Amino acid sequence: MSGQAAAQQDIQPPHGEGAATVRAAGEADLDTAAALFRGYLDFYEVDLEDPDGPRAFLAERIAKDESLVLLAEVPGLGTVGFAQVYRAFSSLTLSTAWVLNDLYVAPAGRRTGAGRALLREVLRRAREAGVSGVQLETAYDNTVAQGLYEAEGFVREEFHVYFHDLG
C-alpha cells in the first residue's frame, strides 16, 4: 500500500486540542502497533487464543505490503492510536477502493483529536492514491465513532450486509 515510505504529517485537531502526528508504521513499530491492536480487539471483546497473534498478524500484513498501518502520536502521551487499511476492488465502479478495517485510540488518547487525525490521514492518502472511496464499519452502538465518521463526510449506506462465518 506504499505506506511504509510515506512521510510523517502533522494534523491539527479541532477545538484547540493538541496536535496529533500520524505516520505509517513499519517493522520497528510492531510492538507498539500490536499493543494498540490488542486494545482494539479487547474493545470488540475478541478472545485471543494466542497473545502474540496480533503482532504476528500485523507483521505479516506490513511485510507483504497487504495493509497500510498508521500510528497517531500525541505530545506528552506518546503513540495512542492506530488505523489499518486494506485494498479492495469495486466491480460496480471498476476501480480500487479502500476498507478502513480498524481504527482505535487508547483511552488515554481519546478526546485529543488522534482518531480524527488518523481518519483524515487515511482519506488524504486514499485521495493521493486515486482510489474511488473508503468504506468502513463500526458497531451499531459505537455512537462516538459514528459521529466522527459522519462529521468527516462518511455517509451511512442503507443496504443489507451479510456475513457467513466459516470458522
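Note that the coordinates shown come from a computational prediction; the quantities given were computed from them, not determined experimentally. Index from 1, following the sequence. For the numbers below, each heavy atom of this structure counts, side chains included, while hydrogens, waters and symmetry mates do not.
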Query - Gap between atom CZ of R55 and atom CD of E60 - 0.5 Å precision - result: 13.0 Å
Query raised in the report: Got L136 and F154 here, is their nearest side-chain heavy-atom distance under 4.5 Å?
Result: yes
Query raised in the report: Looking at CD of Q146 and OG1 of T143, how far apart are the two atoms once the value is rounded to the nearest 0.5 Å?
Result: 6.5 Å
Query raised in the report: Do P54 and L48 come close enough that some side-chain heavy atom pair is under 4.5 Å?
Result: yes
Query - Least distance between heavy atoms, D50 atom then D52 atom - result: OD1-N, 2.9 Å
Query - Interatomic spacing from OG1 in T79 to CG in D31 - rounded to 0.5 Å - result: 12.0 Å
Query raised in the report: Under the side-chain hydrogen bond (donor to acceptor under 3.5 Å, both in side chains) criterion, do E73 and T21 qualify, and how do the steps go?
Result: CA-CA 5 Å; E73 298 173 356; T21 303; 5.6 Å; no
**Report entry** Minimal non-hydrogen separation, A20 against A117, with atom names
**Finding:** CB-CB, 3.8 Å
Report task. For the pair N142 (side chain) and A145 (backbone), establish whether a donor and an acceptor sit closer than 3.5 Å, ignoring hydrogens and angles. Result -> yes
Query raised in the report: Between G115 and L103, what is the shortest heavy-atom contact and its length?
Result: O-CD1, 4.1 Å
Query - R110 side-chain N/O to V105 backbone N/O, donor-acceptor pair under 3.5 Å - result: yes
Using atom types as modelled, flag every donor-acceptor pair under 3.5 Å from a side chain in residues 35-44 to any protein atom, sequence neighbours excluded.
from : atom 1 : to   : atom 2 : distance (Å)
Y40  : OH     : N101 : O      : 3.1
Y40  : OH     : D102 : OD1    : 3.0
Y44  : OH     : T138 : OG1    : 3.2

Report summary line: Here the gap from L68 atom CG to E121 atom CD, rounded to the nearest 0.5 Å, amounts to 8.0 Å
Show me the side-chain donor-acceptor pairs of residues 126-133 shorter than 3.5 Å, one per line, residues at least two apart or across chains.
from : atom 1 : to   : atom 2 : distance (Å)
E128 : OE1    : R124 : NH1    : 3.0
S132 : OG     : S95  : OG     : 3.0
S132 : OG     : T96  : O      : 3.1

Query raised in the report: Any idea which heavy atoms bring V99 and A88 closest together, and the distance?
Result: CG2-CB, 3.9 Å
Query raised in the report: Under the side-chain contact (heavy atoms from CB on, under 4.5 Å) criterion, do Q84 and F57 qualify, and how do the steps go?
Result: CA-CA 12 Å; Q84 182 164 214; F57 183 84; 4.1 Å; yes
Query - Shortest non-hydrogen contact from L119 toward Y149 - result: CD2-CD2, 3.6 Å
Requested in this report: Report the distance from atom CZ of R111 to atom CZ of R116, rounding to the nearest 0.5 Å.
Outcome: 9.0 Å
Query raised in the report: Measuring from Y86:OH to Q135:CD, what's the distance to the nearest 0.5 Å?
Result: 14.0 Å
Query raised in the report: Which atom pair, heavy atoms only, marks the closest approach of V22 to L70?
Result: CG1-CB, 4.1 Å
Query raised in the report: Shared ILVMFWY cluster between V46 and V69, side chains joined below 4.5 angstrom?
Result: yes
